[in-house]
Amino acid sequence: MSRDTIAEIITSIRNADMDRKRVVRIAATHITENIVRILLREGFIENVRKHRENNKKFLVLTLRHRRNRKRPYRRNFNLKRISRPGLRIYSKYERIPRILGGMGVVILSTSRGIMTDREARLEGIGGEILCYIW
C-alpha cells in the first residue's frame, strides 16, 4: 500500500486549522516543499522553517489565525484533494477550473513543476490537478 503524501499534508493542515493549532509539522519531500511554498506565497500560511530530527526532515508551518476568538469558529481556508492515486484528474490549460471566480487557488503538477492555476494559464500548459484551496 502506498502513501499519499499530498493527502497527508492537506489533512494535517486542515485538522490543525480546525483545532486552532498554530504550528503543524509535516514530512519534507520535494512535492510538499513546493506545495507549502505556494501556500506561503498565496498568504494561507505565515511562516515555514525546516527542521531535522533523527535524520528525518520536517517542515514546520505556522498557520494564519484570526485574532478574535469570541465568535464561533470559522475555518481560515479550505483544502480539497482532487487527483488521487486511484483516480488521476488532468486538465488542459483552457479548462483549468476557477475556484470562487478566481479567488481560490488550484495547485497543478505540470511538466514545468508544481504551480498555481494562474501561472499555468499564463504559460499555456495544463497538468494534473492536485488540490483546491479557498
Side-chain angles (χ1 to χ4, degrees):
M1 191 161 175
S2 66
R3 294 177 53 194
D4 187 6
T5 57
I6 299 169
E8 287 178 5
I9 66 164
I10 287 173
T11 303
S12 59
I13 291 172
R14 185 186 311 119
N15 289 343
D17 185 47
M18 287 173 42
D19 201 25
R20 293 186 184 178
K21 293 197 176 186
R22 188 128 172 99
V23 178
V24 180
R25 192 175 98 169
I26 58 173
T29 62
H30 182 68
I31 294 172
T32 59
E33 287 179 8
N34 288 331
I35 291 173
V36 166
R37 191 174 304 129
I38 289 173
L39 290 173
L40 182 66
R41 189 175 60 225
E42 296 291 328
F44 291 107
I45 57 176
E46 280 185 19
N47 191 12
V48 178
R49 60 186 167 90
K50 292 184 180 180
H51 181 70
R52 188 178 199 133
E53 187 175 301
N54 297 335
N55 287 336
K56 293 183 181 179
K57 295 178 185 176
F58 296 100
L59 294 174
V60 179
L61 312 177
T62 305
L63 299 179
R64 192 175 295 266
H65 285 289
R66 293 188 174 99
R67 303 288 183 226
N68 188 0
R69 294 185 186 251
K70 293 180 182 177
R71 294 183 184 173
Y73 177 70
R74 279 186 52 204
R75 287 191 282 188
N76 259 354
F77 57 95
N78 296 312
L79 297 135
K80 184 176 180 183
R81 176 80 156 121
I82 302 302
S83 185
R84 50 191 170 88
L87 179 65
R88 303 288 185 180
I89 307 294
Y90 296 95
S91 176
K92 296 179 183 179
Y93 80 96
E94 301 99 355
R95 298 185 147 250
I96 296 173
R98 294 184 190 272
I99 306 302
L100 293 178
M103 296 295 289
V105 178
V106 177
I107 297 180
L108 295 142
S109 176
T110 66
S111 59
R112 296 187 191 156
I114 295 177
M115 61 180 64
T116 64
D117 56 336
R118 287 178 228 119
E119 295 168 346
R121 281 190 199 97
L122 285 174
E123 292 191 25
I125 54 175
E128 180 184 354
I129 299 175
L130 298 178
C131 60
Y132 295 157
I133 304 165
W134 71 95

Going by heavy atoms in the side chains, are [X] and [Y] under 4.5 Å from each other?
| X | Y | value |
| --- | --- | --- |
| His51 | Leu59 | no |
| Lys57 | Glu33 | no |
| Thr116 | Arg41 | yes |
| Glu119 | Leu122 | no |
| Val105 | Phe44 | yes |
| Glu123 | Thr110 | no |

Distance from [X] atom [atom1] to [Y] atom [atom2], nearest 0.5 Å?
| X | Y | atom1 | atom2 | result |
| --- | --- | --- | --- | --- |
| Asn78 | Arg14 | CG | CZ | 8.5 Å |
| Asp19 | Leu63 | CG | CG | 11.0 Å |
| Leu39 | Ile9 | CG | CD1 | 7.0 Å |
| Ile26 | Thr11 | CD1 | OG1 | 11.5 Å |
| Leu130 | Leu108 | CG | CG | 7.0 Å |
| Lys80 | Ile133 | NZ | CD1 | 13.5 Å |

Of the options Val36, Thr62, Val60, which is the one that meets Val48 in a side chain to side chain contact (heavy atoms under 4.5 Å, CB included)? Val36
In Ile10, Ile35, Ile6, the residue satisfying side chain to side chain contact (heavy atoms under 4.5 Å, CB included) with Ile107 is Ile35
Nearest atoms (heavy-atom pairs only) where Tyr93 meets Arg121: O-CG, 3.9 Å
Heavy atoms of Gly104 and Arg118 approach each other most closely as O-NH2, 3.7 Å
[X], [Y]: one ILVMFWY side-chain cluster at the under-4.5 Å cut-off?
| X | Y | result |
| --- | --- | --- |
| Ile89 | Ile125 | no |
| Trp134 | Ile13 | no |
| Met18 | Tyr132 | no |
| Ile114 | Val106 | no |
| Ile99 | Ile96 | yes |

Give a yes or no answer on whether the side chain of Arg98 reaches the backbone of Leu100 with a donor-acceptor pair at less than 3.5 Å. no
Can you tell me if Ser91 uses its side chain to pair, donor with acceptor, with the backbone of Pro97 under 3.5 Å? no
Should we say atom CZ of Arg88 is surrounded by more than 12 heavy atoms from elsewhere, each under 6.0 Å from it? yes
